[in-house]
Amino acid sequence: MSAVVEFEGVVCVAGSFPVLTGLDLRVDRGEILHVQGENGAGKTSLLRACAGLISVSSGKASVLGFDMRVDRKAPRRHIGLLGHENNLYRDLEVSKHVEFRAASVGARASDTAAALEKVRFPQQLWSVPIGSLSAGQRRKVAIASLLVGRPQLWLLDEPHAALDTESRKNLDAILIEASASGATIIFVSHESPVTKEIASRVITMDGGRITEDSGAG
Amino acid sequence: MLAEIFLVARKDLRVERRAKIALGQVAPLALLILMVFAFALDANTSLLERGAGGLYWLAVLYGGTLLIQRSFDVETDDGNMDALRMSAIGMPSLFLGKALALFVQITVLELILGPGILLLYNVGVVDWVLLIAAAIAGTVAFSVCGVLWGAMSAGLRVRATLLPLLLVPVLAPVLLAGSRAFETALGVRAGAGWTWAGLMFVIAAVHTALGLGAFGFLLEEG
Amino acid sequence: MPVANSGAKMTATLITRVLGVSALAATGLMAVLGLVISPPDVVQGEAVRMLYIHVPSIWIAYGGFALTSISSILFLRRSRRRPDQGRHYDRLAGSAAEVGVVFTAITLITGMLWGKVTWGTYWQWDARLTTTVLLFVTYLGYLALRRLPAEPAVRSRRAAVMALISFINVPIVHYSVDWWRTLHQKASLSVGRRPEITGEMYWTLLYSALAVTILATWLIIHRYRVIRLEELRDEEGLEALIASRLNKDFGSH
Amino acid sequence: MSEVATVVAGWGITFVILATYSIWVVFRGKGIGRELGIGETEQSDLEKDVGTITDS
């Protein structure tokens, strides 16, 4: 199996605070990795380091075969990142927003409808400005915006937050399908009940490093 | 690249059309400023007439600064900048796209301010071609510089004060050239109106070249 | 590169000590030459003595800003791939800009005083004055940007871009203002601002430029070190943080 | 203002600005150096430097 993420002794610093303190991690293609840990353990920073948004101060890091110390921008267009924030333009209509996100990663805007249907976003709200949606509906638009770009690596920070049980199950199904078609998924989550069964591996972080790894044997 | 530029510009304009910040708030405010200038100069018609060009560009500067701020607040809001960084849109395209959207918005602002000075300050146009050329040149320069310095202060806590501090010295030559060119076009001063308009085009070109090269540095984090 | 020493010896070295003493001696001699030995001007009288600080100051300021821009380009080049590289260029840019701003302020103050006695007014909308004051405000903004609470890498990168654009903007500002004045106020510019400089006055001016250059170099080196020390202080806190986080891990596992 | 007074004011202000800035830079470096526990052996040099600049 080919490694999608390969980190060795990675240290990352945000401002003057060490967010990753010598982290080792290898994630293979098709894995669904569940990252857990207390607040401030470095989970979000791990995702951002994988996305190339924060620079690696020391250690070896490669994502999708690109050396992150050489060019951390290179793998970005193949990565779908969903952070705490939804990355939504409040004043844009739902379908226009998803179309924009699709076009901005070079995907077809015509896939918008399929993506919105996949996250079960009610059709009567497609032309409503995002600002007037509920938190759960916004999360769905955010997921659809990600889905439409068909990323090879999904980095999700609390993707289930604000979603109801039905929508969570649906999201799990989407993730399983993506993983089956070759995508790799890393998601951070505090709550495991619904999601535990989909993760092929669970790691626990503390103090900017991995302290437990279910895949390590 | 052209497709990316239009993609970004269309998105910005669509956001603006929904939010109506430029038309609903900035334009009325700029008009109000034209009126307040009249109070400050005690409605001295000859002074207002001579100063019309300069006051026009000052009002554009004020409204433009607000629009520039807004253009980047939209991106830093809800983490949208992250999505742009993760997208396939090249930084030069993002730069030109945002500048194009800003150009359209400032043009709309000017279409409201223009009649404003003609009516309120009692001035007439003697050279329409020069007036329009100067307006376009100045607006291009404003948009390009605005996007550069807007990105410079984007996402910082003190951006509301930092942006004007950094922007005004850079735009000082544009204000100067715009005022002089307008004075010629409005017939209050004979002079090299066309050379001033040309100067604004040169400023716009220089900043476009710089922006194409440097914009990516401004928006990267970490 | 005004950085020779690394590690612990960060505050003063033999080189800076020599430079510091030279700066003192040079500026002292400059005062003697400029205020006592050089003769009063035929046209300007005693007021010409302003020349010896006013003119070298603006040279130093321009030199400082040029240094800032060059360092900023080098910083952007070095840090493009690796944000932790090229920090010394960033520090040099910051210290040179600050010294430049100090000397621009001196130029403006002495220029206004000088203007008062020769033109009878503190301020004139003359091209040189207007350009200088815009330059001053621009680099004050640059220094403000450098002091903002933000992530160091982001702040340095933005500051470097700003330094670059600002420097390219200087000739634009200068020529537009020049144009503005020459287009409608030709007479006022011919006031004897730059008298013919010859003999002792010429040598005194050259000597003053040298003295001020030594002083500015000494200042830039020291300012550079202070920035480095500030960074070291932050880094030391950082290492302590990493250590404490690691210890916490080792302790619990 | 007479010419002589102007010259004295100009040179005076210049030296005050330069001396203040120099002292600020040197003392700030010294302060942080002490905080970090480095440069103690160099302190005497620093003081010389301070003297250098205040005297001018």
query = Could you state the interatomic distance from CG (B:D12) to CG (A:D91), rounded to the nearest 0.5 Å?
reply = 11.0 Å
message = Among A:P75, A:A103, A:C12, which residue has the highest count of heavy-atom pairs closer than 4.5 Å to chain B?
response = A:A103
Value rounded to 0.5 Å, distance of CG in B:L84 from CZ in A:R76 = 11.0 Å
task = Give a yes or no on this: more than 12 heavy atoms of other residues, nucleotides or ligands lie within 6.0 Å of atom CE of B:M35.
result = no
key: Residue A:E93 versus chain B: region with a heavy atom under 4.5 Å   = side chain
Residues, nucleotides or ligands: over 12 heavy atoms within 6.0 Å of B:F201 CZ = yes
inquiry  = Please determine whether the number of non-hydrogen atoms from other residues, nucleotides or ligands lying under 6.0 Å from atom OH of B:Y62 exceeds 12.
reply    = no
Verdict with reasoning, A:R72 to B:E220, per side chain to side chain contact (heavy atoms under 4.5 Å, CB included) = CA-CA 11 Å; A:R72 60 195 168 99; B:E220 204 52 49; 3.7 Å; yes
Test applied, side-chain contact (heavy atoms from CB on, under 4.5 Å); reference residue, B:M86; option that passes from A:V105, A:N87, A:L146, A:L53 = A:L53
query = Any donor-acceptor pair under 3.5 Å linking the side chain of B:D78 with the backbone of A:L88?
reply = yes
ask   = Within a reach of under 6.0 Å around CZ of B:R14, are more than 12 heavy atoms found that belong to other residues, nucleotides or ligands?
value = yes
task = List the atom of B:S87, the atom of A:S104, and the distance in Å for their closest heavy-atom pair.
result = CB-O, 3.2 Å
ask   = Atom CD of A:E99 and atom CZ of B:R10: how far apart are they, to the nearest 0.5 Å?
value = 9.0 Å
Contact check, side chains of B:R18 and A:L92, non-hydrogen atoms, under 4.5 Å = no
inquiry  = Measuring from atom NE2 of A:H97 to atom CG of B:N80, what distance do you get when rounded to the nearest 0.5 angstrom?
reply    = 6.5 Å
